[in-house]
Amino acid sequence: MEWSFHPAEELVSALRAGAVTSAELTDEAIARIERDDEVVNAICVPDFDRARAAARRADQALARGEDRPLLGVPVTVKESYNIAGLPTTWGMPAHRDYVPAEDAVQVSRLKAAGAVVLGKTNVPLGLQDIQSFNDIYGTTTNPWEPARTSGGSSGGSAAALACGFGALSLGSDIAGSLRTPAHFCGVYAHKPTLGLAPARGMVPPAEPALPVELDLAVVGPMARTARDLALLLDIMAGPDPLTHGVAHRVALPPARHERLGDFRVLVLDEHPLLPTGSAVRAGVHRVAAALADGGARVERHSPLLPDLTEAATLYMQLLVSGSVALFPVDSLEQLRIRVAGLSADDRSLDAERLRAMVFSHRDWLEANYRREIHRHGWRRLFAEFDAVVCPITPTSAFPHDHHPDPLERRIAIDGVEYPYFDQLVWAGLATMPGLPATAIPAGRSPEGLPVGVQLIGPLFEDRTPLRLAELLERKIGGFQAPKPGVPAGPAPART
């Protein structure tokens with residue numbers, strides 16, 4: 001029997017029942033990686049010897065009657081997380097030899113839960129792209145179509161899951177980096193509420209692993225089922241023991257509803273700054289139809305929705321100003337000259353990104369204050385709705401584009417080209433205010449590529465979009481393993 005595509009919760013049950021051993025699961029996963037990963041290139045840092053040793057220890061623990069949430073389950077970890085004894089480079093050649101001495105806090109939690117770490121998954125340079133390629137580890141391709149991207153920056157993790165390389169993976173998200181690869185590869189991902197899961201040790205190479213509170217960025221789970229997302233989130237959630245964990249414990253509220261028919265959902269498929277491609281629009285409509293068929297209250301408009309144009313502008317301002325602070329640009333004075341030359345009437349996202357590169361602290365504080373106004377708007381909306389369904393990006397996976405200047409790249413939406421980074425407006429809708437968002441499969445494009453949507457929920461009510469994701473998985477189907485050379489049909493519903 002092959003186990004590679006079974007959900008993690010089924011593997012846990014099989015391990016406890018003695019139907020399979022962790023050593024068998026690990027050997028099967030390693031054999032699949034060695035056989036299938038040459039083209040996909042998802043696993044950039046294999047750790048097979050230590051994985052086999054961990055599997056043997058897990059089998060011994062199972063034989064003693066130990067019961068931990070992921071005991072014996074093979075998983076992968078995004079390259080950007082520190083794992084003691086393995087390189088952490090973030091794809092930056094200058095740091096190709098950096099090897100941390102300690103695990104990131106989330107890696108420690110994975111191991112404490114009994115998971116077997118197979119290795120690390122590929123990322124873009126500095127985690128700063130919607131694709132996953134770098135000069136150290138090369139390019140991760142889409143398991144459905146090698147000429148297309150797997151997404152970024154957690155593209156290696158999404159591709160690994162789609163190929164059966166482990167049951168779960170750790171990723172991170174500041175610009176859709178969990179959700180976009182899940183959408184492109186046909187798997188599940190959850191962007192937690194900002195601050196719910198500590199990120200200590202998910203840090204640029206050679207930087208100290210301090211317990212800092214990140215702005216916009218989160219760490220989160222990736223899986224092939226919605227229930228597996230919830231399983232891994234329960235392990236990841238909770239304050240850093242060095243800071244808030246001294247005094248606080250996590251107590252996530254239960255999902256607002258258990259039945260699909262009880263949910264109140266706002267469905268969005270249009271953005272004022274960017275069109276939605278026909279394949280993604282069809283995926284949103286498919287989910288909306290399933291909700292309505294299940295008895296949910298589905299609305300297409302609400303006066304309570306915060307202004308989408310201002311939301312996208314604020315997101316770009318906060319994202320770019322923070323990124324420039326982390327990865328300083330060399331020509332700051334030239335940037336100031338370019339900004340001074342912008343027309344005051346130019347409110348395009350390209351212009352807003354350029355202005356954000358030279359933000360002062362006062363500029364950032366003003367943007368942050370406007371963010372708080374948006375957060376309050378979302379609180380009012382979620383008093384009337386339980387979730388928002390909307391795109392993750394406007395298209396399915398696009399062809400590899402490695403132009404050295406990302407600002408020169410374009411994204412084609414139904415044959416019309418737009419600035420490459422404008423496609424982040426949908427991801428930023430949840431990221432800017434820090435809301436939880438679950439990425440789910442929602443069908444296939446006419447070319448047979450996966451299409452996903454995101455379910456955005458209220459702050460710290462992560463279980464609500466996760467439960468809705470589980471109910472929709474039963475209704476419309478979920479993950480389907482890619483079959484090379486065979487166009488994909490709809491995923492079968494889970495029973």
Side-chain angles (χ1 to χ4, degrees), residues 80 90 92 124-130 153 172-177 191 193-195 199-200 202-208 210-218 243 271-274 306-378 405-409 419-435 459:
S80 51
W90 286 38
M92 296 186 280
L125 176 67
L127 313 189
Q128 299 284 295
D129 205 342
I130 309 166
S153 62
S172 63
D173 191 312
I174 191 173
S177 290
K191 186 199 89 63
T193 296
L194 182 65
R200 177 163 49 92
M202 210 289 293
V203 62
E207 293 291 325
L210 302 175
V212 297
E213 295 185 34
L214 301 176
D215 185 50
L216 299 176
V218 301
T243 53
H271 197 284
L273 298 179
L274 195 69
D307 182 81
L308 296 185
T309 296
E310 185 181 31
T313 300
L314 284 173
Y315 171 64
M316 291 299 177
Q317 290 172 342
L318 294 165
L319 175 69
V320 173
S321 60
S323 296
V324 169
L326 188 63
F327 299 102
V329 295
D330 295 328
S331 53
L332 192 58
E333 191 54 40
Q334 291 182 0
L335 279 172
R336 290 195 176 102
I337 293 172
R338 289 178 61 190
V339 170
L342 290 172
S343 167
D345 296 329
D346 187 352
R347 311 312 300 183
S348 67
L349 291 178
D350 262 349
E352 296 297 352
R353 282 188 286 269
L354 189 59
R355 292 185 180 104
M357 289 183 181
V358 295
F359 255 31
S360 67
H361 184 50
R362 178 173 179 168
D363 292 333
W364 187 91
L365 288 173
E366 289 176 353
N368 186 53
Y369 176 74
R370 295 200 305 276
R371 168 167 51 184
E372 291 300 335
I373 294 173
H374 273 253
R375 280 180 175 150
H376 191 62
W378 282 104
D405 183 358
L407 298 180
E408 295 295 323
R409 299 178 193 161
Y420 182 72
F421 286 117
D422 282 10
Q423 64 185 298
L424 299 181
V425 294
W426 285 115
L429 190 62
T431 300
M432 186 270 288
L435 300 171
L459 275 172

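Starting from 1, each residue takes its place in the sequence as its number.
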Once you round to the nearest 0.5 Å, how far does [atom1] of [X] lie from [atom2] of [Y]?
X: M432; Y: L424; atom1: CE; atom2: CG; result: 14.0 Å
X: T309; Y: L273; atom1: OG1; atom2: CG; result: 4.0 Å
X: L308; Y: H271; atom1: CG; atom2: NE2; result: 5.0 Å
X: L194; Y: L459; atom1: CG; atom2: CG; result: 8.5 Å
X: E366; Y: D363; atom1: CD; atom2: CG; result: 6.0 Å

Inset, instruction - Flag the pair I130 / F421 as yes when at least one side-chain heavy-atom distance between them is below 4.5 Å, and no otherwise. - result: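 Yes. Closest side-chain heavy atoms under 4.5 Å.
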Legend entry - side-chain hydrogen bond (donor to acceptor under 3.5 Å, both in side chains) against E207, all qualifying residues, sequence neighbours excluded: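 Partners of E207 under the side-chain hydrogen bond (donor to acceptor under 3.5 Å, both in side chains) test: none.
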Legend entry - All side-chain hydrogen bond (donor to acceptor under 3.5 Å, both in side chains) counterparts of T431, not counting sequence neighbours: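 With sequence neighbours excluded, T431 shows a side-chain hydrogen bond (donor to acceptor under 3.5 Å, both in side chains) to R179, given in chain and number order.
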Inset, instruction - Only counting residues at least two apart or in another chain, list the ones meeting ring pair (Phe, Tyr, Trp, His ring centres under 6.0 Å) with F359. - result: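 With neighbours one apart ignored, the set is empty.
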Inset, instruction - Check the side chains of S348 and D350 for a donor-acceptor pair under 3.5 angstrom, ignoring hydrogens and angles. - result: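 Their side chains do not contain a donor-acceptor pair, so the 3.5 Å distance test is not met.
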Closer than 3.5 angstrom, by distance alone: can the side chain of [X] be matched with the main-chain N or O of [Y] as a donor-acceptor pair?
X: N368; Y: L365; answer: no
X: W90; Y: V203; answer: yes
X: R371; Y: P433; answer: no
X: K191; Y: L435; answer: yes

Legend entry - Enclosure of E213 CD (heavy-atom neighbours >12, cutoff 6.0 Å):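 12 or below, so no.
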Inset, instruction - For residues 306-326, pull every pair meeting salt bridge (charged side-chain N to carboxylate O under 4.0 Å, His left out), keeping only residues two or more places apart or in separate chains. - result: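 Matches after skipping sequence neighbours: E310-R370.
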Inset, instruction - Sorted by first residue and then second, give each salt bridge (charged side-chain N to carboxylate O under 4.0 Å, His left out) pair with at least one member in residues 420-431; sequence neighbours left out. - result: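 Qualifying pairs: R353-D422.
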Legend entry - Which residues share a salt bridge (charged side-chain N to carboxylate O under 4.0 Å, His left out) with R338, sequence neighbours left out: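 So R338 forms no salt bridge (charged side-chain N to carboxylate O under 4.0 Å, His left out) with any residue.
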Legend entry - R409 and D129 ion-paired at < 4.0 Å: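 A salt bridge links R409 with D129.
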